[in-house]
Structures are given as structure tokens and as C-alpha cells.
Protein chains: 2
Amino acid sequence: MTEFQTISRKEQIIVTAAQLFKQKGYEASSMRDIALVLNMEAASLYHHIKSKEEILELICFTMAQKFLAAIAEVNDIYFNAEEKLRKAILHHVEIITEDINKSAVFLREWRSLPENSLKDFMFLRNHYESEFTHIIENGMQEDIFENVDKKFAVLSILSSVNWINEWYQADGKMNAAEIAKKISDFVMGGLRKKMVTDPHYRP
Amino acid sequence: MTEFQTISRKEQIIVTAAQLFKQKGYEASSMRDIALVLNMEAASLYHHIKSKEEILELICFTMAQKFLAAIAEVNDIYFNAEEKLRKAILHHVEIITEDINKSAVFLREWRSLPENSLKDFMFLRNHYESEFTHIIENGMQEDIFENVDKKFAVLSILSSVNWINEWYQADGKMNAAEIAKKISDFVMGGLRKKMVTDPHYRP
DNA sequence: AAATTTGCCTAACAATCGTTAGGTAAAATG
DNA sequence: CATTTTACCTAACGATTGTTAGGCAAATTT
């Protein structure tokens, strides 16, 4: 019964930290703040974690891996470009809504990572972005996407899906799938080639 | 020659602070950091400004006023909805690219505002957002925009234009007008009604 | 039952934080 | 020339920061 069904103390610390980091920011959250929520002393935290920076690293890189695993899965399985993009957006929204605290830290607080980690983190982030770019390229090759500026398309899409972190509340009426569909529809409207020469086309 | 053609010491402090706040975040930037760049002592800063928080407030509210003035101008002058939206996006991009440091603070660091200012700031922000929503509503009434979810459309548009703050460099090849056009085109593609019943229509 | 590990505690550290007080030399003003 | 104002300085303050050291009781392992 040591760690079955129950959450480890280390994970409790990370979860609490993520909540505070989202609320007040990494720099403004102290180890004593974290400890207070957990009814313990700041010094006791160091029995489970190495440093404050380690907490930030754990959150940022765990989230980065989730995002990368999701996009890799999408690109592995065969879909056409629109399916790929819709699935990629869906998984992205799912990961964000599953844990808004950790995703807020991933999206906003990564700047506070120590120099070495920061380099690695930005590499992973760029890799994720380039996977999205490939989907857009595919779509243009398949001639189902407009010949748009790839860079702008990817940045617009990613900024839209990331922005949900600013307003999403878990108790809200929409679930991840509904949010993803609305964003995808909006984005697709801008990307999907309008077949105006086909009289039977319906938008 | 007291303040003609030259920049006041107070403004120098604010400009320096904005640069540091963007680079390392408000909480991680110390008064001593700011003073170091200006070749002075931290205590001397207080001859020109009241507190560290005042610097943040000055930056955030100055930027907020710029954004609000721009959108008010757009909505005052008569344009159709597409023109309005394109102008609004253009002005937004112009303000951001004119001073990426202060806009970064406006976009990211406002969370560190003291409670009272924070309330006012969020009110202004919501007001700006609602002005955009009105444009979308106009476009739907004029029947030139798809019947999209307003909330999502506005959030997607604003997140896209705000995201340029993350990658824009003043020495880059694109100017504000070019960036605004690309974003507008991408957004419009998703908003503009496709007149498929008209055989002469060209996208 | 003895030995070890786990999980917390108190106390304290050096460093850094924003800010205030009081002084001083140069510049502006009368 | 005398006076006031401006723009800085040094020194120091109380508070807070992340972190370490050492101890102690309960739980676990041997």
C-alpha cells in the first residue's frame, strides 16, 4: 500500500508547486509557500526534491515529453493532413486541459529554467513546432490546404491552442474534444482549399 | 535642452526595466539590476520613481491605453467589418512591434501587478477584448463572416497577434504591415464567407 | 528484538531583496 | 554671489530567499 492508489509525497510537492507557480509565478512562489500548503516545513521538502529548480525542470520536461509523444503518435499512424492536424490539435488540447497547472508552468515559466535545461527545453519545443510544420507541408502537397505561409500558420495554430490555458476551467461546460473541434474548424476554415469550381461543394 | 530631443531619466529607467522584465521576468529582475545597466546605485532610482511596482504599473497601463486608443479609433471611423478587423489587427501589430520590451511586460508580467492595479488592468483588458468581439458581431450581421463562435474567434485572433511578441525581432525582414497582412489573410480565410453559389467567385 | 531507513522537525546560514535616511557636489535659479 | 534644487552617493534596515546541518520519533527491514 506504499504507493498504490495513493500519490507519492514527491508528486504532492510537484502538484502543489505547479498550482502556486501558475497562480503567482515561479519566482514569486517560495519554498515556504509550497510547504505551507502541505502542512510541513520548507526544509522538509528537501527530503524529496533536490532544489526548487528541480521542481521546475520536472514539470517542464514531463509536459514536453507528453506533447512530443502525442505528436509522434499522430505522425506515425497514417492520416491525411487534415486528419493529422485535427488529431494533433485534439491531443494538444487534451494534454493542456488534463492539467492546467502544469501546462501553465510549461507555457509560461520555462524562462526561469537554469541555462543548461533551458537549452534542452527550447530544443524540444522547436522540435514540436517543426512536427506541426510538417503536417502543414503535407497538406499543401496533398493540395487540400491553401498555399499559406507555413510559419504563420503554425504559430497561429499553436498560439490559439496554447491560449486556452488562460481561460479554461475544469468545471466549465466544454470538454477537450469540443474545444479542439471548435479551434480546428476555425483553423480549417482558413486552411482548407475552397473548391469553388465544384458546384456541389458545401462549406 | 532639458528634455528636448533627449529622453528623461525616468523614461530611461522605465525602458531599461522593460528590457530586463522581458528578459528575466519582473520578479527575477532586481532594482540593482536596473541600476547596474544605468551605471548608478539602486537607491538613486528612487529619486525618479516611487517603487518597483510603480514601474510595472506605468508600463502596463501606458501600453493598455495605446491599445484602447487604437481600437477606439478603428471603431469610430466607418469601415465595414473586414476593414475594421484588418485595421484593428494592423494597429495591434504596430503597437507590439514598436516596443517589444514594453509589450512583453504588458502581455506576460501584468500578473505581478498589486491587487488594486490588477483589477483595473483586467477591466481594461476585457474592454479591449469586447471591442474585438463587436467587430466580429458586425461582420456576422453584415453577413460577410461565417457564423462562427465569437468567443473562439476573438481568442484565436488575439492569441495569434500577441504571439508575434515571442518571435518578432526588430531587425527582421518583415515590418508591421506585412505581418499584419499575413495574419489577417490567415484569419480572414477562416472567417470570410465562401460564396460557392456564385460561379464567378475567386478566392 | 535490533538495526536501519524514512519523514519530518528546529535552528541557522549567507545572500539578496526593496526601500529609507542622510549627506554631498554640481547645476539651476534668484 | 547666495540659495535652492537636482541627481546622485554611501550605509544600512528589516524582511525574505533557497538551502544545509543535525536531531528525533515512527515505520520498516533484518
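To find a chain, count down the sequence lines: A is the first, B the second, and so on, and within it residues start at 1.
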Letter by letter from the 5' end, nucleotides 18-23 of chain D scores (B base, S sugar-phosphate only, - none; protein heavy atoms under 4.0 Å) BBB---
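Atom pair B:Leu38:CG and D:dC9:P shows a separation of 10 Å (rounding to whole Å applied). Rounded to whole angstrom, the span from the CD atom of B:Glu41 across to the P atom of D:dA11 amounts to 10 Å. At whole-Å resolution of the value, CD in B:Glu54 and P in C:dG18 are 15 Å apart. The distance from atom CZ of B:Arg9 to atom C1' of C:dA27 is 15 Å, rounded to the nearest whole Å. When rounded to the nearest whole Å, the span between CG of B:Leu36 and C1' of C:dC17 equals 16 Å. Atoms NZ (A:Lys10) and C1' (C:dG7) sit 15 Å apart, rounded to a whole Å. Regarding B:Ile55, its CD1 atom lies at a distance of 11 Å from the C1' atom of C:dG18, rounded to whole Å. Rounding to whole angstrom units, CD of residue A:Gln12 and C1' of C:dC8 are separated by 14 Å.
A:His48 has a side-chain polar atom (N or O) that falls below the 4.0 Å cut-off from OP1 or OP2 of C:dC8. Distances shown here put a side-chain N or O of A:Ser44 below 4.0 Å from the OP1 or OP2 atom of C:dC9.
A:Asp33 places a side-chain N or O within 3.5 Å of a backbone atom of A:Ser30 that can act as its donor or acceptor partner. Under the 3.5 Å distance criterion, the side-chain polar atoms of B:Arg111 are left unmatched by any main-chain donor or acceptor of A:Lys24. Checked by atom type and distance alone, the side chain of A:Glu178 pairs as donor or acceptor with a backbone atom of A:Asn175 at under 3.5 Å. With hydrogens and angles disregarded, a donor-acceptor distance shorter than 3.5 Å links the side chain of A:Ser29 to the backbone of A:Leu20. A distance-only check finds a donor-acceptor pair linking the side chain of B:Thr16 to the backbone of B:Gln12 [under 3.5 Å].
Taking the six-membered ring for Trp and the full ring otherwise, the centers of A:Trp167 and B:Phe152 sit less than 6.0 Å from each other. Ring centers of A:Phe132 and A:His127: at least 6.0 Å apart, outside the cut-off.
Direction of the helix axis in the helix from C:dA1-D:dT30 to C:dG30-D:dC1 shifts by 10° between the two five-pair termini, rounded to 10°.
With contacts defined as side-chain heavy-atom distances shorter than 4.5 Å, the pair B:Val74/B:Glu83 does not qualify.
Applying ring-ring contact (aromatic ring centres under 6.0 Å, His included) to A:Phe21 and the options A:Phe106, A:Tyr26, A:Trp110 leaves one that passes, A:Tyr26.
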